[in-house]
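The structure presented is a predicted model; accordingly, all values stated were derived computationally and were not measured. Order of the sequence lines fixes the chain letters, A, B, ..., with proteins taken first and strands second; residue numbering starts at 1 for each chain.
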2 protein chains.
Amino acid sequence: MADVCQWCRGSNRSVCAAVPLHFHEEIRRISHIRTFEAGTTIASEGHEALFVGTVLRGVLRLVKTLADGRQQIVGLLFASDMFGRVFSDEMPFAIEAATKVELCMAPRRRFETLLSRHHELEHEILIRTLDELDAGRNWMVVLGCQNMLERVAAFLAILTIREHVLEDAAEGSERAAIVEVPLSRADMAAYLGTTLETVSRSIHRIADHGAIEIIDPRQFLIKDWPALLRLSGRSDLTSHQFLGRFSGHDDNMRTLSEAC
Amino acid sequence: MADVCQWCRGSNRSVCAAVPLHFHEEIRRISHIRTFEAGTTIASEGHEALFVGTVLRGVLRLVKTLADGRQQIVGLLFASDMFGRVFSDEMPFAIEAATKVELCMAPRRRFETLLSRHHELEHEILIRTLDELDAGRNWMVVLGCQNMLERVAAFLAILTIREHVLEDAAEGSERAAIVEVPLSRADMAAYLGTTLETVSRSIHRIADHGAIEIIDPRQFLIKDWPALLRLSGRSDLTSHQFLGRFSGHDDNMRTLSEAC
DNA sequence: CGTTGCGTTGAAACATCTCAAAGGTTGTGG
DNA sequence: CCACAACCTTTGAGATGTTTCAACGCAACG
């Protein structure tokens, strides 16, 4: 329990990392760390939102299920993203573990009380919510007016940026440009608004174009980054559009994005 | 200038209406009211966000334009909605007048300064941003996994709820169930992620089903609300999902939604 | 009275979905 | 070590929904 906040003092984009250290003691007091296996439902759609928190490791998916069973993933949460819904009694979407996840979680009510006393913290959450809103609207553009090849390419491009931003921020290393997709074809399809077959076909077409090389179904080598961006139909793509301002300090990837 | 805040003291969902009256004096001091003709660009994508404010009358559209000219409307702002982007220097989307609009606007920087001094106001903005995020994600479901007939039906249903909530809140009247669509077919298409031809065909198919009657291209009589909801594929549809918590006080429409 | 802008309608082209089957990998038990 | 099942991914071919392109209708306007 003593080292709950250790992770958040590191260099990351979490709310806690953005907030003065003396807040950590208070946050620590109401928080605990838990892990969940892939596939676990952390919070159900329509139920009361009991917990909020931060993703430490793994990926969460926000899922909306229609009455007839159709599902749409409306958001993916990676390490340092906040999950849960403050100031609302009902979860508008389910929160599920897309991979094995490690979460730092706190009871929602107690966290809200804490917010009311610490406006700096609430301000940081506003900033992140605004960025998430922008990112969500950017994703609406993908869903609304891009074809399936473009959607898949855009998804891979965004994932690439995101992963390399995190890595570089953490260790400053220049790794080989490999994207690790932490999702099944079915999850990708649910996020991209299509079917798993179309996702599979699109990935192979992107590989045929020479932009990527398929290492295994979940790992791709970025062979030609400008080509990938071109296929995504979003040469305008820069990390901060989908990831928020906290991802913009990475010169290496910025160069890559601006190369087209 | 003296009555800038008059509107916001009425019964509406605006930030100002939610905040103690003594704030109005301060907000008034930095605000002014302006009208813009339909089609005017109020803020350009990628430019600095100079103003924020509230829609008093009319409809704003948030537009993202891709390099090749494709456009997606990622949000529509109605009376009492806030526009602009606090705490960001660059507008991620263009703000355009979809109809003639009347706006109460304030310089962004000065408004941010005001926010830093009045946490109640910032809190209200957080609440609204969270609700907008939920609404945006709900719209992602529409774009991601509903067919064109369902999208158009859902759009009409949401508009119906929204208009009647506002009207009923304002005057408590029980008007005939007429939806007024404040958008051209092209704008509807850009919002729904399709073409204007498909929008037109879908509207006529909905009319063929008997759910609506086309009075003129922008006015529809709701003949069978349950049928409209059924066609939308979202019988789960309640106003607060797309409109935020401030629309939930209307018993009349809630009965309508829950009738299915 | 022609022009302009917007909405509707039709028919062919196209992208994506659906259904079906095959291929590959992983883990388990014989 | 092999056989087998379970699961995920890939591939194929026909069905379907949507787009595209073109023409037409209609009202507002100069």
>> Given C:dC17, D:dT10, C:dT8, identify the nucleotide with an atom nearest to the side chain of A:Arg185.
In response: D:dT10

> The side chain of B:Asn147 lies closest to which of these nucleotides: D:dT11, D:dT18, C:dG7?
Replying inline: D:dT18

>> Rounded to whole Å, please give me the gap between CD in A:Gln219 and P in C:dG24.
In response: 20 Å

>> In whole Å, I'd like the distance from the CD atom of A:Gln146 to the P atom of D:dT19.
In response: 15 Å

> Can you tell me how far C1' of D:dT19 sits from CG of B:Leu192, to the nearest Å?
Replying inline: 15 Å

>> In this structure, how many angstroms lie between the C1' atom of D:dT10 and the CE atom of A:Met188, rounded?
In response: 14 Å

> So, A:Thr195 versus A:Thr198: side-chain donor-acceptor pair below 3.5 Å or not?
Replying inline: yes

>> Just checking A:Arg57: does its CZ atom have more than 12 heavy atoms from other residues, nucleotides or ligands closer to it than 6.0 angstrom?
In response: no

> So, is B:Ser184 close to the C:dC6 phosphate, meaning a side-chain N or O under 4.0 Å from OP1 or OP2?
Replying inline: no

> Taking atom types as modelled, is there a side-chain donor on B:Gln72 or A:Arg137 under 3.5 Å from an acceptor on the other?
Replying inline: no

>> Just to verify, what does A:Phe155 make a ring pair (Phe, Tyr, Trp, His ring centres under 6.0 Å) with, not counting sequence neighbours?
In response: A:Tyr191

> For the pair made of NE2 in B:His204 and P in C:dG7, what is the distance, rounded to whole Å?
Replying inline: 10 Å

> Any side-chain heavy atom of A:Gln219 within less than 4.5 Å of one from A:Val179?
Replying inline: no

> Which whole-number value in Å describes the distance from B:Ile214 CD1 to C:dG7 C1'?
Replying inline: 10 Å

> What integer distance in Å separates B:Glu197:CD from C:dA13:C1'?
Replying inline: 14 Å

> Rounded to the nearest Å, what distance is computed from the CZ atom of residue A:Arg218 to the C1' atom of nucleotide C:dT25?
Replying inline: 13 Å

> Looking at D:dT11, C:dT16, C:dA11, which one has an atom nearest to any side-chain atom of B:Arg201?
Replying inline: C:dA11

> Where the side chain of A:Thr194 is defined as all heavy atoms beyond and including C-beta, which of D:dC21, C:dT16, D:dT10 is the nearest nucleotide?
Replying inline: C:dT16

> In terms of the nearest nucleotide of DNA chain D, which residue is placed more toward the 5' end: B:Met148 or A:Val199?
Replying inline: A:Val199

> Does C:dC17 have OP1 or OP2 sitting under 4.0 Å from an N or O in the side chain of A:Thr195?
Replying inline: yes

>> If the cut-off is 4.0 Å, is B:Thr198 near the phosphate of D:dT19, judged by side-chain N/O to OP1 or OP2?
In response: yes

